[in-house]
Amino acid sequence: MSEALAKKRKIQKYLGNVEVKIEHCKGCGFCVEFCPTGALELSKSFNKKGYHPPMLVDQNYCNGCDLCGLYCPDFAIFGFRVGPNPNFKKDEKAK
Amino acid sequence: MSEALAKKRKIQKYLGNVEVKIEHCKGCGFCVEFCPTGALELSKSFNKKGYHPPMLVDQNYCNGCDLCGLYCPDFAIFGFRVGPNPNFKKDEKAK
Amino acid sequence: MRISEIKIGGFGGQGVILTGMIIGKAAAIYDNKYSTMTQAFGPEARGSSCSAQVLISDEKILYPYVTKPDVLVVMSQDAASRFIPDMKQDAKAVLLYEKDLVNLEGIPYKATGYGIQATRFAEELGRTMVLNIVMVGFFTALAKLLSADAARAAVKDSVPRGTESLNLSAFDKGYEYGLSLLKA
Amino acid sequence: MRISEIKIGGFGGQGVILTGMIIGKAAAIYDNKYSTMTQAFGPEARGSSCSAQVLISDEKILYPYVTKPDVLVVMSQDAASRFIPDMKQDAKAVLLYEKDLVNLEGIPYKATGYGIQATRFAEELGRTMVLNIVMVGFFTALAKLLSADAARAAVKDSVPRGTESLNLSAFDKGYEYGLSLLKA
Amino acid sequence: MKADPSGVLTGRHYFDGNHACCEGALAAGCRFAAGYPITPSTEVVERIAKRFPHLGGVFIQMEDEIASSIALQGAVWAGKKAMTVTSGPGLSLMMEHIGLAAITETPCVFVDVQRGGPSTGLPTLPGQADMMQARWGSHGDYELIALAPSSPQECFDYTVDAFNLAETYRVPVMMMMDECVGHMTERVDIPAAETIEVTPRRYTTKKKGEFKPFEPGENMVPDMAKAGDGLRFHVTGLTHDERGYPVINAQAQDKLIRRLVDKIRLQADRIVRYEEDAVENADVIVVSYGITYRVALRAIEMARAKGVKVGSHRLVVCWPFPEKRIRELAARGKPIVMAEMNLGQMYWELERCAAGKCKTALVSHAGGTVHNPEVIYNAIMEAVR
Amino acid sequence: MKADPSGVLTGRHYFDGNHACCEGALAAGCRFAAGYPITPSTEVVERIAKRFPHLGGVFIQMEDEIASSIALQGAVWAGKKAMTVTSGPGLSLMMEHIGLAAITETPCVFVDVQRGGPSTGLPTLPGQADMMQARWGSHGDYELIALAPSSPQECFDYTVDAFNLAETYRVPVMMMMDECVGHMTERVDIPAAETIEVTPRRYTTKKKGEFKPFEPGENMVPDMAKAGDGLRFHVTGLTHDERGYPVINAQAQDKLIRRLVDKIRLQADRIVRYEEDAVENADVIVVSYGITYRVALRAIEMARAKGVKVGSHRLVVCWPFPEKRIRELAARGKPIVMAEMNLGQMYWELERCAAGKCKTALVSHAGGTVHNPEVIYNAIMEAVR
Amino acid sequence: MSEQTNHTEGEPRVNPVLPYLREDRMPHIWCPGCGIGTTVNCFARALTESELDLDKVSIVSGIGCTGRVAGYMNLDAFHTTHGRPVAFATGLKLANPDLKVVVYSGDGDLMAIGGNHFIHACRRNIDMTIVCVNNFLYGMTGGQASSTTPDPATTTTAPYGAFEHTFNLPFLADSCGAVYVARWTTYHVRQITKAMKEALAKKGLSFIEIISPCPTLYQRRNKLGDGLQAMEYYRDNSVVKSGADTREVEIKYQGEIICGKFVDRERATWLDCYNTRNAAAIGARYRPYPWRENGEGGVK
Amino acid sequence: MSEQTNHTEGEPRVNPVLPYLREDRMPHIWCPGCGIGTTVNCFARALTESELDLDKVSIVSGIGCTGRVAGYMNLDAFHTTHGRPVAFATGLKLANPDLKVVVYSGDGDLMAIGGNHFIHACRRNIDMTIVCVNNFLYGMTGGQASSTTPDPATTTTAPYGAFEHTFNLPFLADSCGAVYVARWTTYHVRQITKAMKEALAKKGLSFIEIISPCPTLYQRRNKLGDGLQAMEYYRDNSVVKSGADTREVEIKYQGEIICGKFVDRERATWLDCYNTRNAAAIGARYRPYPWRENGEGGVK
Ligand SMILES: Cc1ncc(C[n+]2csc(CCOP(=O)(O)OP(=O)(O)O)c2C)c(N)n1
Ligand SMILES: Cc1ncc(C[n+]2csc(CCOP(=O)(O)OP(=O)(O)O)c2C)c(N)n1
Ligand code: SF4
Ligand code: SF4
Ligand code: SF4
Ligand code: SF4
Ligand code: SF4
Ligand code: SF4
Ligand SMILES: [Mg+2]
Ligand SMILES: [Mg+2]
């Protein structure tokens with residue numbers, strides 16, 4: 001999985017972020033798997049019910065599209081856009 | 001109706017006949033209408049319930065096909081074959 | 001409290017229930033009396049004989065069933081043989097019957113009987129169906145339980161729209177024939 | 001009639017009910033005693049905590065519920081905090097707990113407590129799932145209500161076919177660890 | 001509140017009980033009916049089907065009685081007064097939803113025109129053998145109200161009452177008619193709309209957030225809400241708290257179910273209704289209801305003609321049973337005879353409440369026709385012997 | 001007749017009540033089951049689904065409970081012993097067909113694992129509030145038999161009894177279990193097949209023409225027939241004569257329905273079953289059934305420990321109610337306390353039969369869990385005060 | 001007139017339908033010109049031609065005028081509850097697969113209250129024949145609308161005319177999986193007979209819709225004459241299109257009636273599936289149901 | 001970790017689904033990886049995009065895991081009895097046609113016990129949206145077979161594998177008259193959202209089937225992994241064929257899942273028909289239901 005995820009990762013034009021309601025997460029992995037930019041990962045730590053909630057790998061990868069939110073069956077995560085990504089151009093050039 | 005019936009009437013090769021359970025007849029007229037040879041007619045007289053049961057107009061017209069029986073919703077009539085119709089040939093010649 | 005007990009018998013299609021209905025309604029609505037109409041279904045829902053029972057009284061009616069009819073109206077042989085034996089055995093009781101359909105021979109009764117060829121009258125009016133209204137007229141004349149006005153009013157508002165005058169003629173036919181029998 | 005009351009608490013997925021089932025079956029079938037097992041569903045059918053109650057007696061058991069457990073087995077913090085206060089307040093009572101999942105700090109009790117890292121033992125055997133069987137072994141050693149043979153037999157015929165030896169090893173792990181604590 | 005004149009056919013009519021029941025519903029403000037045909041009740045909805053399009057009401061013939069008995073409740077929660085009409089076999093199919101109406105406190109009216117049972121039984125002939133079913137036919141504990149008319153006039157009047165009681169107590173109310181009453185035609189006087197008392201639905205005045213749809217108010221009964229008003233309430237057939245949220249434990253059960261039962265049991269004095277005649281000095285009292293009441297009156301007349309002091313207690317409201325009153329009557333020590341068109345149903349309640357204080361006797365009848373008054377008369381004479 | 005060994009899981013088991021019930025059915029010869037899943041009863045049919053293919057039985061999960069409750073009857077008339085299993089909401093849906101089984105005298109078994117009601121109520125928690133429904137839930141007059149087990153062993157034993165009673169009296173028999181008993185695991189000893197008494201269906205020995213499918217024979221019960229044997233019989237839910245032909249009048253109704261009712265009422269002495277302990281010298285008797293019986297025993301123990309002479313009367317067969325015996329016990333004049341997990345159901349029968357001869361008290365409970373024994377204890381102490 | 005008349009020569013004969021009837025229940029309750037009786041003739045003839053062991057044929061009905069058919073047939077006959085004959089028949093058939101099971105049901109019985117059992121039985125392909133007499137309303141209860149009453153026919157519960165969309169029964173049966181689907185009218189007595197014969201021979205759920213007059217309630221109320229006029233209407237307005245796409249055989253008020261055999265296909269029955277699956281999962285130990293001790297022997 | 005984390009900048013925000021939920025009932029009871037919650041997100045988004053007055057939207061459910069949806073939505077919500085939400089919704093809608101009525105139902109609720117209400121509602125074309133979460137079995141009661149369980153998946157009541165033929169729900173809805181029919185899987189969150197939006201806008205009965213994982217009972221028992229694996233399966237094995245003939249969209253065990261919008265047509269609703277017919281029969285005196293005093297005014 002993580003390899004496939006890594007492939008998707010690209011610095012995004014817009015900067016997004018997610019909020020996770022950790023205690024509501026049941027660790028199903030939908031958000032991680034279906035984030036179009038591979039921005040999420042299940043964290044190593046447990047919540048109180050013993051599930052691994054997701055976390056952003058790097059904010060640069062998240063464009064705030066909220067697809068994670070649309071997938072999350074537990075209403076435990078959502079994404080939002082913060083603004084243009086200052087790192088975006090640099091990255092493009094680097095490419 | 002009777003005109004249409006009359007048109008169907010022809011002397012039949014085989015002689016048939018019908019039995020009518022008069023008190024079970026409800027005078028619906030199915031047998032009369034759908035007898036292929038127009039051999040039946042509703043009688044003028046009533047049964048005890050006030051219906052007009054059917055009767056054979058002329059045995060020569062009945063070939064005993066029992067279509068009347070197949071139609072009769074009250075199981076009040078059935079037709080059967082008696083034998084070859086001695087009158088049959090004469091009629092053919094006459095024609 | 002004097003209750004008049006009326007029973008009407010015949011077979012399905014003769015309008016037995018409507019007959020009872022009109023008689024009851026005439027009494028209850030237009031004569032301002034009390035009246036109760038009940039109907040008896042045959043053993044099966046369709047195609048069999050049926051009867052209506054009407055009670056008429058000046059006071060509220062409690063027990064709503066006929067025990068011994070004061071007036072019996074019969075429109076079929078079957079009804080005649082089943083119901084006549086249960087009539088009040090009294091010359092004041094009235095037996096009304098369809099003359100062409102009912103043969104009273106061999107059926108004992110004490111009531112005063114009047115026959116009418118209601119079906120023939122109805123046919124003369126062009127609609128066999130109104131035989132029951134002829135009977136209502138006949139009943140009104142002879143049973144003396146309804147005012148003629150009340151009966152007419154009840155006929156009028158119980159029959160299908162557009163058929164009122166036909167039905168009123170039927171009523172009058174029966175009523176007048178009834179009166180004529182009385183005079184005779 | 002002396003009835004031993006046992007309660008087992010944990011969360012769904014730990015095999016709490018099966019633990020109760022095996023203990024009860026060992027007593028009822030293989031030790032020829034009487035035993036009753038009842039289970040408590042949480043407020044909702046899925047995903048919440050659950051518990052099993054087992055009674056063991058030499059005589060027929062009438063009232064089938066635990067009032068004050070003589071032996072309490074807890075495999076989650078939630079079960080510990082909910083059930084320990086209801087235990088028999090007696091040093092002869094036995095409290096068995098999953099050392100890694102339950103922290104007894106701040107929960108008062110009079111029973112004699114024994115902890116075991118059942119989950120870790122299970123993981124060592126290669127199947128976290130067998131943690132409950134480790135617990136059954138631990139229970140057998142310390143609660144002294146079952147013969148080891150009976151418990152083994154019950155384990156054997158309660159687990160899925162093909163997993164018997166794994167489960168018996170799990171049992172032995174818990175059983176031996178339990179005995180070792182007694183000796184200590 | 002007074003009846004909406006548009007639905008009231010003021011005047012003197014010659015109606016059978018089924019037609020009168022329809023008119024009662026219209027007068028009471030019923031504007032939704034769901035039904036499935038069944039003899040001998042069908043005339044009620046047939047008349048409704050004719051009348052509603054002129055009154056802004058909707059009748060729908062559903063695919064079966066189960067659907068009818070819940071479509072009805074949907075309509076109530078959308079703000080309509082609603083009823084369904086059936087007979088024994090249909091009532092049996094409605095049992096699950098009578099329980100739903102009870103637990104969700106949905107005010108609605110079920111009309112049962114009783115015929116001979118069990119099963120398909122005697123489709124065209126009368127019976128009074130659904131009385132216990134009306135009370136006990138759904139699983140679990142609940143209470144409701146049942147009325148038994150004995151004439152077309154009462155079919156009109158009690159149907160109005162049924163709708164009113166449904167609103168007051170938020171329970172399903174059963175109109176326990178029978179084939180005799182349903183098909184008997186008599187004078188029915190429908191009064192002017194402004195003289196017909198109609199209980200409006202008691203809607204909450206609270207706002208979303210404050211409003212708890214199952215918080216008991218007046219008469220232990222919560223205020224109502226209807227869909228579309230912005231209250232965003234939740235209704236469930238699960239055991240629930242005052243917010244209407246499911247709570248699956250014994251405490252919530254005790255709180256909710258006891259209230260549902262107590263709102264009828266504790267207020268029974270206000271709901272119970274009966275008619276009595278000459279019970280004070282009676283040597284024997286006849287208890288009856290529905291059409292059998294009128295038959296019993298004939299028997300009472302006969303006995304009185306023989307000089308027996310006979311009293312009559314007639315149940316108008318059958319459920320709740322007039323326990324207190326029957327205990328009083330029994331305490332007089334004089335026999336009580338009960339006639340009903342079944343093999344013993346309300347009679348068990350009578351016997352229970354009599355509590356051995358007086359002799360009781362049942363004049364049973366398997367149905368198919370009313371009692372012969374003689375049989376009741378004989379039982380009366382036997383009781384005073 | 002002895003049980004067919006192929007269906008008997010002889011030996012000592014550790015089963016919950018639902019599994020035991022399944023095994024009881026198999027031992028009794030049940031080879032057809034139709035069901036629809038519902039908590040807390042589903043394990044019964046789940047086990048059946050596993051077991052039947054090995055035994056030449058057929059289980060079909062029908063589209064709903066209505067279908068189940070009649071598919072069952074089709075199977076009986078094809079010659080199988082059959083049952084269905086449900087809980088309150090499903091039982092409500094089966095009401096019409098319980099009436100059908102009653103009027104067609106179809107021997108069959110309905111298992112109700114009671115949960116908290118009404119409506120969806122408490123799906124996973126116990127109740128005993130379908131008791132009156134079991135008796136009265138279908139329209140019209142009829143009688144049936146209901147049993148209430150209090151342990152897995154009894155779930156096995158009584159299920160065998162239920163099938164046997166169904167055959168003997170040709171009535172639907174209700175197994176009134178509850179969630180506690182259904183989900184409680186205990187030792188269940190299944191005896192050897194040759195020691196299990198199984199009542200075979202009493203098929204007619206008559207030929208077509210002579211045979212009348214509803215002519216009462218032994219025990220007022222007609223002999224059975226099954227489809228395919230050339231008897232060309234007719235079965236209807238309408239009121240019928242001995243030939244099974246519809247007869248729609250009061251006489252036929254009286255004849256048929258009185259027999260249906262009387263075959264239970266008049267033979268109640270043979271059907272009624274209870275267990276008593278120390279009632280002879282008791283100062284108070286506790287009446288209970290099902291799981292509540294076992295809870296009451298704890299309360300009785302507590303009271304006895306205080307020196308109170310407490311007797312116990314435990315209903316095994318709930319319907320018919322042990323009227324005669326309760327009247328005898330009441331005649332002793334000592335109080336009777338009843339505990340049941342509902343707000344008063346069998347209690348009304350107790351009160352009726354006590355007929356004022358003794359004090360009676362109800363220890364009610366809305367369901368969701370068993371009584372706290374203390375509460376019953378308190379009622380006992382209160383009763384003897 | 002004597003009871004049996006017009007019988008001029010030959011031996012006393014019996015109406016060929018009589019052996020199939022319970023004579024002691026005749027005359028039946030159906031109205032003059034009602035088509036149900038006609039379908040019974042066809043059924044009797046189909047039974048004769050099928051050469052079935054009649055002792056093994058059961059007939060199951062619900063409640064309704066059509067529902068009375070079971071009670072008149074000299075077979076093992078079950079007059080069950082309204083809407084439930086298919087569910088009863090399912091139990092009957094599965095409990096003894098040697099029985100040939102026929103359900104006779106009205107449009108209300110089968111498709112209103114009984115609709116769920118119908119669609120599930122079709123889906124499961126329970127081996128039975130279902131005959132639906134469609135008279136476009138509820139006859140027995142006095143002429144209420146059903147799910148087949150065409151707009152704008154009036155009925156007692158649709159006094160201003162029926163207005164709901166109707167079910168196209170052959171299409172529904174087809175959609176749910178019936179293996180044999182046909183429609184005829186009571187005019188088509190020979191075709192009905194043939195269809196019934198085919199249906200009886202077909203393994204799986206076969207469905208025959210028969211359009212039939214209800215002169216008392218449907219024809220009269222809608223001023224369409226009597227039973228005979230209905231029959232003439234059927235004769236003049238039926239179009240035989242065997243193999244027609246069932247989507248296209250909807251019936252409109254007084255429109256043409258498309259008749260014919262629409263579906264005839266093979267599909268494993270419920271019991272086939274049951275045995276196949278159990279054999280696959282349980283293996284050789286599984287004894288197919290019903291187990292026959294010795295090949296052709298009886299059900300164990 | 002604190003309750004709300006990873007929230008590094010900007011204002012405190014809310015999950016856009018939250019306003020549609022009864023927060024005081026969260027967390028919900030659904031299992032890890034259960035797809036029902038995902039469909040709720042889509043529904044919430046569709047409601048937003050539809051710009052409906054939420055005070056006028058009612059949601060009706062029966063009993064089942066899916067049936068719990070009603071109870072979690074911050075709408076007027078009715079958690080009725082098992083199998084009956086469509087019948088309840090019919091009453092609700094007809095009694096107040098201004099309401100937008102949505103039924104959320106499981107495959108067992110809708111098509112087993114509730115099948116009759118479903119087919120009749122489709123036939124009548126009652127104006128409502130029905131969402132069916134098809135997880136191939138009965139979740140709430142512990143994993144019994146339903147009429148959609150594909151052969152040979154095992155369930156608790158089909159321990160040797162399900163063997164009955166299954167319903168093809170889009171085809172059935174289509175056959176019975178639904179005007180909008182679509183199928184998607186929980187993988188297709190955007191498409192579900194769009195379908196729901198279209199369905200909400202559609203007059204008449206719209207039906208959306210959503211294939212959804214039940215990891216606890218279906219996937220696990222059949223060794224198909226967890227919820228995520230089911231989602232990946234959907235992603236890899238779904239074939240979008242909008243406009244496909246509904247006859248051809250049957251689902252086989254672990255076969256391809258044909259998704260798309262299959263039906264989108266116009267057909268008068270029950271209420272349209274009711275008004276048209278009454279107006280025709282009664283004439284000018286007839287006031288169409290619901291009568292609005294002044295054009296756009298409220299229901300009288
Ligand atoms: C549960 C139940 N509901 C209603 C009825 C009343 N009922 C008897 S027959 C019938 C409908 C008959 O219509 P159909 O099935 O079309 O048969 P038809 O009489 O037209 O042949 C109804 C509604 C009943 N007997 N049982
Ligand atoms: C009348 C009735 N029968 C049975 C039940 C038990 N029951 C509750 S939910 C359910 C099935 C749920 O399956 P489905 O509709 O597919 O929903 P899911 O849980 O799979 O989402 C059943 C049978 C009930 N509550 N009521
Ligand atoms: S908001 Fe979009 S990009 Fe950011 S984590 Fe969620 S799905 Fe990935
Ligand atoms: S989708 Fe939701 S529940 Fe699943 S892992 Fe992500 S945040 Fe947790
Ligand atoms: S037997 Fe044939 S030919 Fe003779 S009357 Fe009957 S239908 Fe006509
Ligand atoms: S078809 Fe039968 S009922 Fe009709 S007229 Fe002929 S004999 Fe009489
Ligand atoms: S009412 Fe109609 S269907 Fe019934 S018997 Fe009469 S004509 Fe036939
Ligand atoms: S049992 Fe299945 S459908 Fe129900 S919540 Fe769990 S995963 Fe979802
Ligand atoms: Mg019909
Ligand atoms: Mg499901």
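As a basis for the values below, the full set of heavy atoms in this structure was taken, side chains included, without hydrogen atoms, waters or symmetry mates. Throughout, a chain's letter reflects where its sequence line sits, starting with A, and its residues are numbered from 1.
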Any chance NZ of A:K8 has more than 12 other-residue heavy atoms, nucleotides or ligands included, within less than 6.0 Å? yes
Measuring heavy-atom distances to chain A, does H:I192 have an atom under 4.5 Å in its side chain, in its backbone, in both, or in neither? neither
With a sphere of 6.0 Å drawn around NZ of H:K194, does it hold more than 12 non-hydrogen atoms of other residues, nucleotides or ligands? no
How long is the straight-line distance from CG of H:D226 back to SG of A:C28, given to the nearest 0.5 Å? 8.5 Å
At what distance, to the nearest 0.5 angstrom, does CD1 of A:I77 lie from CG of H:N15? 9.5 Å
At what distance, to the nearest 0.5 angstrom, does CE of H:M26 lie from NE2 of A:H24? 8.0 Å
Tell me, for A:N47 versus chain H, whether the close heavy atoms (under 4.5 Å) come from the side chain, the backbone, both or neither. neither
Can you name the residues that form a side chain to side chain donor-acceptor pair (under 3.5 Å) with H:S242, not counting sequence neighbours? none
With a 4.5 angstrom heavy-atom cut-off, which part of H:Q229 approaches chain A: side chain, backbone, both or neither? neither
Any side-chain heavy-atom pair of H:V14 and A:F80 under 4.5 Å: no
Residue H:V17 versus chain A: region with a heavy atom under 4.5 Å: side chain
Checking an interface table here. Which of residues 39-50 of chain H come within a heavy-atom distance under 4.5 Å of chain A? H:V40, H:N41, H:C42, H:R45
Taking all heavy atoms of H:G227 and all of A:F30, pick out the closest pair and write down the distance. C-CE1, 3.5 Å
When rounded to the nearest 0.5 angstrom, what is the spacing between OG1 in H:T38 and CZ in A:F75? 8.0 Å
Flag side-chain contact, heavy atom, 4.5 Å: H:M231 against A:E33: no
Taking every heavy atom of A:P73 against every heavy atom of H:C34, the minimum-distance pair comes out as CB-O, 3.2 Å
In terms of the angle between their ring planes, are A:Y71 and H:Y187 parallel, tilted or perpendicular, with boundaries placed at 30° and 60°? tilted
Below 4.5 Å, heavy-atom pairs only: which of H:P215, H:P16, H:P27, H:G33 has the largest tally toward chain A? H:P27
NE2 (H:H28) and CG (A:D74) are apart, to the nearest 0.5 Å, by 3.5 Å
